[in-house]
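Input: a single structure, listed below in structure tokens.
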Amino acid sequence: MFDLKTLSEYLQKGDAKKVGELTAQALAEGLSPKTILSEGLIAGMDIVGAKFKKNELFVPEVLIAARAMHAGLDVLKPKLAETGAKPAGRIVIGTVKGDLHDIGKNLVKMMLQGAGFDVRDLGIDVTTDKFVAAAGEEGVQIVAMSALLSTTMPQMRIIIEALHKAGLLSKIKTMVGGAPISQKYATEIGADGFAPDAASAVDKARQLVGV
Ligand code: B1M
């Protein structure tokens with residue numbers, strides 16, 4: 001009987017090759033893609049996220065674990081599509097206009113994907129129009145914005161106002177983060193959620209979509 005705990009442990013160690021192989025083996029042994037995802041890959045990434053929050057793991061280790069997660073996801077993706085397993089939710093994410101920092105945003109994206117969210121990455125230096133257009137696409141539940149500069153964080157308020165004007169805030173939630181952002185600032189600009197780090201971003205996104 002395939003042991004999903006072993007898969008989770010290799011993911012936590014960041015062994016991408018082994019995670020890919022074990023994911024394929026689990027499929028070959030008849031486990032469902034959904035079970036492998038939730039009890040192997042996501043379970044492992046949840047532990048990584050919890051350790052990151054407690055400062056027991058640091059950014060490089062999280063990125064390596066996230067890469068391993070992707071190796072497993074690459075094997076599972078076609079099978080998940082076949083079985084019609086629903087993603088935890090659909091999110092668009094980007095670094096706001098004028099801001100080129102993307103390491104934290106990428107980490108947040110990978111952790112969200114690791115938690116089973118379908119994430120569309122708009123990249124860096126993303127204009128308000130691009131955020132609004134992406135937010136209006138079918139099924140989007142959260143618009144996630146990252147900013148690392150005190151000069152670019154006001155873009156978040158502009159984007160939230162534009163989403164409001166476009167009539168989208170009745171169907172989507174907004175989430176903000178990045179080194180200069182605080183809960184106080186998030187509340188002030190009317191964001192629905194704030195997360196101080198990538199692991200908390202997963203908790204917040206789950207809370208916002210109610211999963
Ligand atoms: Co820049 N930079 N930088 N920089 N840079 C900072 C941010 C700075 C604090 C350095 C400093 O002065 N001490 C400072 C900003 C000061 C301020 O405004 N408060 C600064 C500056 C001034 C600049 C330039 C203006 C420098 C210049 O050209 N004079 C320039 C601006 C360019 C631009 O964006 N237009 C610039 C350029 C760059 C590089 C291109 C060289 C490079 C970016 C490379 C890249 O991202 N691909 C860079 C880097 C690397 C940094 C530092 C050193 C590291 C940032 C980082 O990646 N941290 C940074 C100083 C520092 O933070 N020590 C600095 C690691 C990352 C994992 O953390 O991004 O905070 P972070 O993400 C965290 C959380 O914030 C959170 O989760 C992540 C993981 O836990 N999070 C979210 C992030 N987004 C989230 C979204 C969420 C939720 C959580 O929900 C949606």
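For ligands, and for the atoms within them, numbers begin at 1 and follow the listed sequence. Every value quoted in this text rests on a predicted model; they were computed, and no experiment measured them. Residue indices begin at 1 and follow the sequence shown.
A salt bridge links K5 and E9; the closest N-O separation between the charged side-chain nitrogens and carboxylate oxygens is under 4.0 Å. Between R90 and E137, none of the side-chain N atoms (NZ, or NE/NH1/NH2) sits under 4.0 Å from a carboxylate O, so this pair counts as no salt bridge. Under 4.0 Å is where a charged nitrogen must lie from a carboxylate oxygen, and between K17 and E21 at least one such pair does.
Listed as neighbours of ligand 1 are F52, V59, G98, D99, L100, H101, D102, I103, G104, L107, V108, A144, M145, S146, L148, L149, S150, M175, V176, G177, G178, A179, A195, P196, D197, A198, each bearing a heavy atom under 4.0 Å from the ligand.
With sequence neighbours left out, A88 forms a side-chain contact (heavy atoms from CB on, under 4.5 Å) with F117, V211. With sequence neighbours excluded, the residues forming a side-chain contact (heavy atoms from CB on, under 4.5 Å) with T128 are V132, Q155, I158, I159, A162, listed by chain and number. Contacts of D203 classified as side chain to side chain donor-acceptor pair (under 3.5 Å), with partners at least two apart in sequence or in another chain: K53.
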